[in-house]
Structures are given as C-alpha cells and as structure tokens.
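Below is one structure, written out as structure tokens; comments come after it.
Numbering of residues begins at 1 and proceeds along the displayed sequence. Fair warning: this is a prediction, and the values are worked out from it, not measured in the lab. The figures that follow rest on heavy atoms only: side chains count, while hydrogens, waters and symmetry mates do not.
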Amino acid sequence: ELSSVMTQQEVVASDGTHQQPTTNNQEDSSLSLEELLYSSSSYHAIAVPVTITMILSALTVIYINTDETIEAGEDALSVYETFHPSSEASTAQNLGISLVNTLIMVSVIGAMTFLIVLLYKYRCMKLLLGYMMFSSAMLLGFLGGVIFDVAINKYALDIDQFSFYFFLFNFAIVGVAAIFWQKGIPRVVTQGYLIGTSVILAWQLSHFNAWTAWALLFMLALYDLCAVLTPCGPLKALVNLMQRDDAPEMPGLLYEAQLPREARRPGSASNDAPSTTQQIERPSPGSTEQPVGEDPVSCERPETLVIDDSPITGVIPLAIAKLYRLPLTEPVQTTDSFTPLLEDESESATNETLAQHYTTEQLVTEVEAVFPRGGGKIDRELDRNGEVCYIVKDRHGVVKRILIVDEAGRVLERRETSSDDTENEDNSIKLGLGDFIFYSLLTAKAAQYSFATFAACMLVILAGLGGTLVLLAVYRHALPALPISITMAIIFYLLTRVAIEPWIETIFQQPLYV
C-alpha cells in the first residue's frame, strides 16, 4: 500500500504572526500549488527506484534463465496450484482455472496479513521480527544463491565452492542487518537490499505459467483495493496501527524514499522556525462544536477524563476547559446560551455551562475545573520567559504537551524544535515492498514476450503510480498503489500484444513514406 501522511495544520510562528486557516471546503475543492509540487517531488523520489527494480527484474528473468530452470521453476510452483491449466483446454476454461487458483492464493495471503496485524496489535514483536528476519535471510541466501548458481552455470563463471558460499553467507547477513537493524548503515545500502529482495522474488514468481501469473496480478490488484480502503481491510488496520504515537517500528515492509529538503509536506513547519506553536482549537463566540482537523489531544480525549465522585480541581483558562469538556465548579455567566454538547442529565449544570456563548475575555479567564480522580491533569506553570503555560499530564505524571492561550482565546500547543530536530524530521514517502515485487513481476512477464510489451507496461505502471500520488495529495491518507497501475498495465499489455505490435511489424515490412 502507498503510505504517506499528508496533513494541513495551522502554524503560528514564535514572533506571534498568524496564518489564517483555510476552510475545509477550500482544502477539499482543489489541489494547491504546494500540494502539486510535493506530489511531483514524491513521484520523482519513488519512480526512480521503481524503474530500477522493474528493469533489473526484466533483465534477470531474460538473461539469468535457461530452459531447464524455467521448467524446474514451473514444476516447483505448480504445488501452489489446486487446478492445472492445460493446452488442450479452451481459453475460457484456462482463465477460470487460473482465477480459482489465484483466488485461493490471495485468500491465504489475506489470512497471513490478518495474522501479522494481530501479532503487531498485541506487540508480539519478537516473534514477528524473528519470522521476518528468518524469511529475509532465507530469501537472500537460498533464492539468491539459486540465481547466482544459474548465472555461473550459464555464463561459465570461474568461482570456487568456498568463495561461493562465503559470499552468500555475507550477502544474507549484511542484508538482514541493513533491512532490520539499519543503525550505522547507509540508507542507500538498505534501499539496495530492498530492491534486490524485490528482484529475487520477481524472478522466482516469474516461473508461474502465464495464465496463473496474469490472473494472480489481477486478483492482487483487487485484493489491495479491498485491503486498504474497506473498513475491515487488514492493510488499513495495519496502517492505522503503525500511525499511532506509541507504535513500534516495522522495518522490512516499506521502501522509504527521501524527499529533497525543499519539498515539504503541505502544512508542515518550515526549517527556519526554531520554536512553533500549533493551534489546537480556535474557540470563537458561539462555538459549541468539538475541535476538528488534527486531533492534538487524542491521548487525553474526554473519554479518558471521566469524572467520579471524588473530584480534583485545578485553575485553567475557560478555553482549555472547553477543549477538554471539563466540568466547572462554578458556572460562568453568559448573555446567550445554546444547546448543551453532552445530553447527560447527571451533568446538566456544568455541561450546559461549557456549551454556552462566550466572549474572548471569558475564554482567557481562568476558572476552576474538575479533573478525574486517578486520571490526567493540567498544571499552571511559568516558562523560562515568564509566560504562563499549562502542562498536560497523563495519570502517570508524564508530560504530554504544553498549551498556551493567546489574547484571542485560541488554545495553542507549544513545540520546541532545534535545528537538528528539524533536519531529522521525517520527510519521506513510503511504498510497500509488495508493490515493488508485483510491478517487477508484471514487467518481467511482459519482457518474456517482447520488448514492446515490456516498455508499454513499464511506462503505464509509472503513469498509474503518478496518478496514485495525485490522489494521495487530494485525499491525504494511505492509498493502494496496485489497482491503477496493474489494471492499466494488463490492458496495455493485451493491447500492445494484439494490436500495436502487429501494426509495428506491418510498418517494418511495408514502410510508409510521408
């Protein structure tokens, strides 16, 4: 799946200048220039490794293969086929058999993905990472050794047995360290091993017969669409889990391409701002809605601030109490009132107070609010500049964020960032390694027919990837990268093979002069 979180936030610089936020309708109606530039930078960053992977896979399948290895590979992969296509059967029968076989394969893939999600959700990271590291080592060492052995035998390369196994051992160990450890290893080495992993798997999967290979690609495109976009999709659940603040890292599943320093996500802070404050809520007179947009208090939302019979009170501005929906010990007098936010009769007095019409002066006024017993709390403190700030802590006393309230009654979150932190800020785009593998498999199967079909499929895949990135900039959440590219590539493969290539051959035989 294509994973790149793009957010629009309102940023207030340390000097007090404020950028007026745009409305949701304006954000959704059109693609801004900043988003378009970010999409073009993302496309350039991810298209280069995808192109390299597809070209290497096609070259490997064409030049590191013999009739014996192709036949042996088909026999080895035939165990995954419940039914076997035959030359005596009709086209419709072979197509139906291939679709049934690939449906079974995709069902197994989906079940394994659900298992990975469960292991990740319940933090069985040692088991999960151990399995992935073992699989990666076997792939690089065993399947990589098969490819090297075929190349040595085909091109009569001189190498002794000790050097061969010594090279494979180091190739596998360094690959596992580069993919899963990454510390002290250049990023280009990690990216190179991920590309190599995709090439090796594409070479192995290319030994499926043509019917099964193309049906598998089509079914995987449908599966990717459902797994990422449906509410119960396993990939959607995995992406949501990985985007949590306390989510552990999951190396080996994604290819991360670094963007240029000048290419920033729309709404991110600039590099030259050493200290920024982000607006959490902008309470305005008559506002009775919960904060929208970025949810800065997801860790301490109202469901964690449940009031019991032994209240703990603290003095905070009314704007912060309204943000967290904290009950007040004394109601605030207003000139106008609105429907309460919470229709709970047991909390009618305090909750009605928080749903009323407030002026700017009332929002900045400090009131006594009730905190939950055994839950989070907010302390009033002075920073090193003598300014009043409010420290949000969880039930364990851990500081979650620092809030301030400006003269207009806006609640802002203060974020202290150094130049080193800004340079290390994540500014990358991530593409699932499975997308690399199946892009490469498609172009490899196309290359087995002719160069024209290979070129058409590769260009169409890159075009579909660009379209997916544009949609990513518009919808700003994880999107599947296979459906558009794979579907268009299959269509153009058939079109090139049936219509374009015969037309080119006719032109070569009978030239037309203009």
#### Entry: From CA spacing to verdict: side chain to side chain contact (heavy atoms under 4.5 Å, CB included), Y223, L482
CA-CA 9 Å; Y223 166 75; L482 287 181; over 6 Å; no

#### Entry: Under 3.5 Å: donor-acceptor pair, side chain of D224, backbone of P480
no

### Task
Could you please spell out the steps behind the side chain to side chain donor-acceptor pair (under 3.5 Å) verdict for T102 and Y80?
CA-CA 9 Å; T102 54; Y80 300 103; over 6 Å; no

### Task
Look up atom CZ in F436 and atom OG1 in T53, then write down how far apart they are to the nearest 0.5 Å.
5.0 Å

### Closest non-hydrogen atom pair between Y193 and L140, with its separation
CD2-CD1, 4.0 Å

### Message
Once rounded to the nearest 0.5 Å, what's the spacing between atom NE2 of H44 and atom CG of L259?
### Response
11.0 Å

### Task
Check whether more than 12 heavy atoms from other residues, nucleotides or ligands sit under 6.0 Å from atom CZ of F492, and answer yes or no.
no

### Query
Is there a side-chain contact between W214 and L442, using heavy atoms and a 4.5 Å cut-off?
yes

### Task
Give a yes or no on this: more than 12 heavy atoms of other residues, nucleotides or ligands lie within 6.0 Å of atom OH of Y120.
yes

#### Entry: Check: K393 and D379 side chains under 4.5 Å, non-hydrogen atoms
yes

### Query
Is there a donor-acceptor pair closer than 3.5 Å between any side-chain N or O of T190 and the backbone N or O of A178?
yes

### Message
Just checking E407: does its CD atom have more than 12 heavy atoms from other residues, nucleotides or ligands closer to it than 6.0 angstrom?
### Response
no

### Query
How long is the gap from CG on L99 to CG on L216, to the nearest 0.5 Å?
10.5 Å

#### Entry: Under 3.5 Å donor-acceptor, Q191 side chain and E256 backbone
yes

### Task
Over all heavy atoms of both residues, which pair between Q182 and I179 is shortest? Give the atoms and the distance, please.
NE2-O, 2.9 Å

### Task
Using a 4.5 Å cut-off on heavy atoms from C-beta on, say whether the side chain of V367 contacts that of V315.
no

### Message
For the backbone of M132 and the side chain of S136, can you confirm whether one donor and one acceptor N or O come within less than 3.5 Å of each other?
### Response
no

### Message
Restricting to non-hydrogen atoms, name the atom on V460 and the atom on A489 that form the minimum distance, rounded to 0.1 Å.
### Response
CG1-N, 3.5 Å

### T51 side chain to Y439 side chain, donor-acceptor N/O pair below 3.5 angstrom
no

### Query
Quick one: CD1 on I486 to CG on L441, what's the gap to the nearest 0.5 Å?
8.0 Å

#### Entry: Approximate separation, where rounding is to 0.5 Å, of L235 CG and M242 CE
11.0 Å

### Task
Take L431 and L254 through the test side chain to side chain contact (heavy atoms under 4.5 Å, CB included) and record every step on the way to the result.
CA-CA 6 Å; L431 183 65; L254 299 173; over 6 Å; no

### Task
Please name the pair of heavy atoms, one in L129 and one in P251, separated by the smallest distance, quoted to 0.1 Å.
CD2-CD, 4.1 Å

## Note on the structure
Closest heavy-atom pair, M250 versus L128, reported as atoms and distance to 0.1 Å, is CE-CD2, 2.9 Å

### Query
With side chains defined as the heavy atoms from C-beta onward, is the minimum distance between I404 and R410 less than 4.5 Å?
no

### Message
I'd like to know if the side chain of S485 and the backbone of I461 have a donor-acceptor N/O pair within less than 3.5 Å.
### Response
yes

### Query
So, do F218 and I490 sit near enough that their side-chain heavy atoms are less than 4.5 Å apart?
yes

### Message
What's the separation between atom CD1 in I116 and atom SG in C124, rounded to the nearest 0.5 Å?
### Response
12.5 Å

### Query
Can you check whether I484's main-chain N or O pairs, donor with acceptor, with T487's side chain at less than 3.5 Å?
no

### Query
Minimum heavy-atom separation for S42 to L469, with atom names?
C-CD1, 3.9 Å

### Message
Any heavy-atom pair between the side chains of M125 and L119 that's under 4.5 Å?
### Response
no

### Message
Any non-hydrogen side-chain atom of E366 less than 4.5 Å from a side-chain atom of I316?
### Response
no

### Query
Do E368 and T313 have side-chain N/O donor and acceptor atoms under 3.5 Å apart?
yes

### Message
Taking the side chain as everything from C-beta on, heavy atoms only, tell me whether S198 gets closer than 4.5 Å to F438.
### Response
no

### Task
Check each of L253, L201, L194 against L433 using the side chain to side chain contact (heavy atoms under 4.5 Å, CB included) test, and report the only one that passes.
L194

### Task
Please lay out, stage by stage, how L479 and V228 fare under the test side chain to side chain contact (heavy atoms under 4.5 Å, CB included).
CA-CA 7 Å; L479 293 176; V228 176; 5.6 Å; no

### Message
For L103 and M219: C-alpha separation, side-chain torsions, deciding distance, then whether side chain to side chain contact (heavy atoms under 4.5 Å, CB included) applies.
### Response
CA-CA 7 Å; L103 179 61; M219 295 298 293; 3.6 Å; yes

